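Okay, structure first, notes after.
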Amino acid sequence: MSAPVALIDCNNYYVSCERAFDASLVGVPVIVLSNNDGCAIARSAEAKAQGVKTGDPIHLIQGKVKAHGIRVLSSNYALYGDMQRRVVAAIQPFARDFEIYSIDKTFVDFAGFEHLDLVAHAREMSAQVREWTTIPTCVGIAPTKALAKLANAAAKKNPLFEGVADLRDETTRNWVLDRFAVGDVWGVGRATATKLQGLGIRTAGQLRDMAMKQARGIGTVVLERLIAELRGVPAAAVETVEPQRKGMAVTRSFGTPVADIDTLMGAVAQYAMRAGEKLRQHGLVARRVTVSFHTNPHKPERPQYSATRTLSAQPMTNDGLVILGLARRGVESAWREGYGITKAGIMLEDLVEERLRPLALFEGDTEKRARLMSAMDEVNGRFGKFAAVPATQGFKRDWAARSDARSPSYTTRIAEVPAVRA
DNA sequence: TCTGGGGTCCTAGGACCC
DNA sequence: TCTGGGGTCCTAGGACCC
């Protein structure tokens, strides 16, 4: 039997973060919207009970919002990121190794802890997170990551588990797998679920028992690995070191479609500067810069246009103005008149740590530019985003996305720390 | 589905090379 | 060039996840 793995997952994470700082949100239906205030990406239990689904466009559920007094918030990623650090700090003492899988999920390697009552151990871990952050969590324990994810879902769904499901025991495991819909298994999306159902495979138990060869036929090696994991054979380890990231992107939808190149260039300029800033924050430089923009693919009756252009930075760079220069060339070569552009983005690939950057033959005065960039970072950090911007970016941002109901940056911006009155 | 933004991994096909 | 086998690199697109 392989070493036990646990997945600790925060319940309704974004909503729970908001509730940690605003008691009026407790006990009432709450949803948090995506970046563009477009759709619901987090829902409290009360909002779920009113039938709000993940991804519901806000304009489609306005009736429900009014009828049930659902509180609607824009997302506040600075807050959620900061809260995550506190959650991880609470988890840390309960294992030697763990993997921060996403903003609200952490895999915990329980190797070497098998002699403990792991269910009790997991409950203590969960209680520690709650005490330090107020955030409720559920834990799933199993021999593989895929099964730990499934155990976690079971712990969330079935009150019998009281927040911690241990699927190391085969009888319990089979019981859960036979009742678990195949489409809810981690790694089975809509496309694969449809194909599996066509073969009569409806439960996680049936997926586990599927012939590998048949699985390869409808999926890829990824589906084969998933089946191995459902059988209790690990195909993925708990990754304790953060992997080098492969790419980085800044993309946004526009509030209103853009039909002229200057306006598009203004948006692209902002994304390019932001992309450079992100690279510097992570201590990275990039080789490939891709700029892309397209019309709204959800309006098939309109003429569509989609363009991407990839350019190389020589030498590798994290200079926003260099990225902007390349992106500008890309936009100029790809621009076509007569379309309403609804989304644009900058993607950076071939990333390398700045200190490992290969030296180019002719570098130019990179040091001066590096000082300019860090000066801009400082100005923007102190006086707010967009205090210092290149002229291309412009000051009118008609196309800008909406974010009307963002909560204050309680933990990351001194001016917005909540005041306590005696 | 009137649909956000930021990622990863995998596969297929073409260009090119020896 | 009416042509073998094998390798790498690149791009585009699909699928999935949070």
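In this text, all values refer to a predicted model and were calculated from it rather than measured experimentally. Protein chains get the first letters and strands the later ones, always in sequence-line order, with residue 1 at the start of each.
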Is the phosphate of B:dG7 approached by A:R245 (side-chain N or O, under 4.0 Å from OP1 or OP2)? yes
Could you give the CH2-to-C1' distance, from A:W186 to C:dC16, as a whole number of Å? 11 Å
Could you tell me the separation between the NZ atom of A:K145 and the P atom of B:dC9, rounded to a whole number of Å? 11 Å
Checking all strands, does A:D104 fall into the base, sugar-phosphate, or nothing category for heavy-atom contacts under 4.0 angstrom? sugar-phosphate
Is the phosphate of B:dG5 approached by A:T251 (side-chain N or O, under 4.0 Å from OP1 or OP2)? no
Taking NZ, NE, NH1 and NH2 as the nitrogens, is one of them in A:E277 or A:R274 under 4.0 Å from a carboxylate oxygen of the other? yes
Touch class at under 4.0 angstrom, heavy-atom based, for A:R309 against every strand present: nothing
salt_bridge(A:R96, A:D109) N-O dist < 4.0 Å: no
Would you please indicate yes or no on a ring centroid separation below 6.0 angstrom for A:W175 and A:F161? no
For the pair made of CZ in A:R216 and P in B:dC9, what is the distance, rounded to whole Å? 16 Å
Can you tell me if the side-chain N/O atoms of A:R274 get under 4.0 Å from OP1 or OP2 in B:dG5? no
Honestly, is A:K145 close enough over A:Y101, meaning NZ or CZ under 6.0 Å from the six-membered ring centre and within 45° of the axis? no
Does A:K246 make a side-chain N or O approach to OP1 or OP2 of B:dG7 shorter than 4.0 Å? no
5'-most contact on DNA chain B (nearest-nucleotide basis), A:K278 vs A:Y14, goes to A:Y14
Counting only side-chain N and O atoms of A:K53, is one of them less than 4.0 Å from OP1 or OP2 of B:dT1? no
For A:S253 and B:dG5, is the shortest distance between a side-chain N/O and OP1 or OP2 below 4.0 Å? yes
Would you say the side chains of A:K278 and A:N318 form a donor-acceptor pair under 3.5 Å? no
Between A:R19 and A:E46, is the closest basic N to carboxylate O distance under 4.0 Å? yes
On the ring face of A:F254, is A:K343 found with NZ or CZ under 6.0 Å from the centre and within 45° of the axis? no
Please pick, from B:dG7, C:dA15, B:dC10, the nucleotide with the shortest atom-to-atom distance to any side-chain atom of A:A249. B:dG7
Could you tell me whether A:V32 contacts a base, only the sugar-phosphate backbone, or nothing, with contacts defined as non-hydrogen atoms closer than 4.0 Å? nothing
A:K343 has an atom NZ; how far is it from atom C1' of B:dT3, in whole Å? 10 Å
Expressed in angstrom and rounded to an integer, what is the separation of A:R190 atom CZ from C:dC17 atom P? 12 Å
Assign A:K149 to base, sugar-phosphate, or nothing according to its heavy-atom contacts below 4.0 angstrom with the strands shown. sugar-phosphate
Picking from B:dT11, C:dA12, B:dG6, the nucleotide nearest the side-chain atoms of A:T308 would be C:dA12
Assert: residue with more 5' nearest nucleotide on DNA chain B, out of A:T54 and A:V221, is A:T54
Under 4.0 Å between any heavy atoms, over every strand shown, what does A:G187 touch: base, sugar-phosphate, or nothing? Just pick one. sugar-phosphate
On the nucleotide C:dC10, are OP1 or OP2 found under 4.0 Å from the side-chain N or O atoms that A:R288 carries? no
State the pairing partner of B:dG14; accept Watson-Crick or G-U wobble contacts with both distances under 3.5 Å, and report none otherwise. C:dC9
For A:M347 and C:dT11, what is the distance between atoms CE and C1' respectively, to the nearest whole Å? 12 Å
Which whole-number value in Å describes the distance from A:E242 CD to B:dG7 P? 12 Å
A:L223 CG to C:dG14 C1': how many Å, rounded? 14 Å
Can you tell me which nucleotide in B:dG6, B:dT1, C:dC18 comes closest to the side chain of A:K105? C:dC18
Check this one for me: any side-chain N or O of A:T192 less than 4.0 Å away from OP1 or OP2 of C:dA15? no
Phosphate-side-chain proximity, A:R225 and B:dC10, N/O vs OP1/OP2 below 4.0 Å: yes
B:dT3 versus C:dC18 - spacing of their P atoms, nearest Å: 23 Å
From B:dC10, B:dG6, B:dC2, nucleotide with atom closest to A:L60 side chain: B:dC2
Remember a base hit wins even if backbone is also touched, and classify A:G247 as base, sugar-phosphate or nothing at under 4.0 Å, heavy atoms. sugar-phosphate
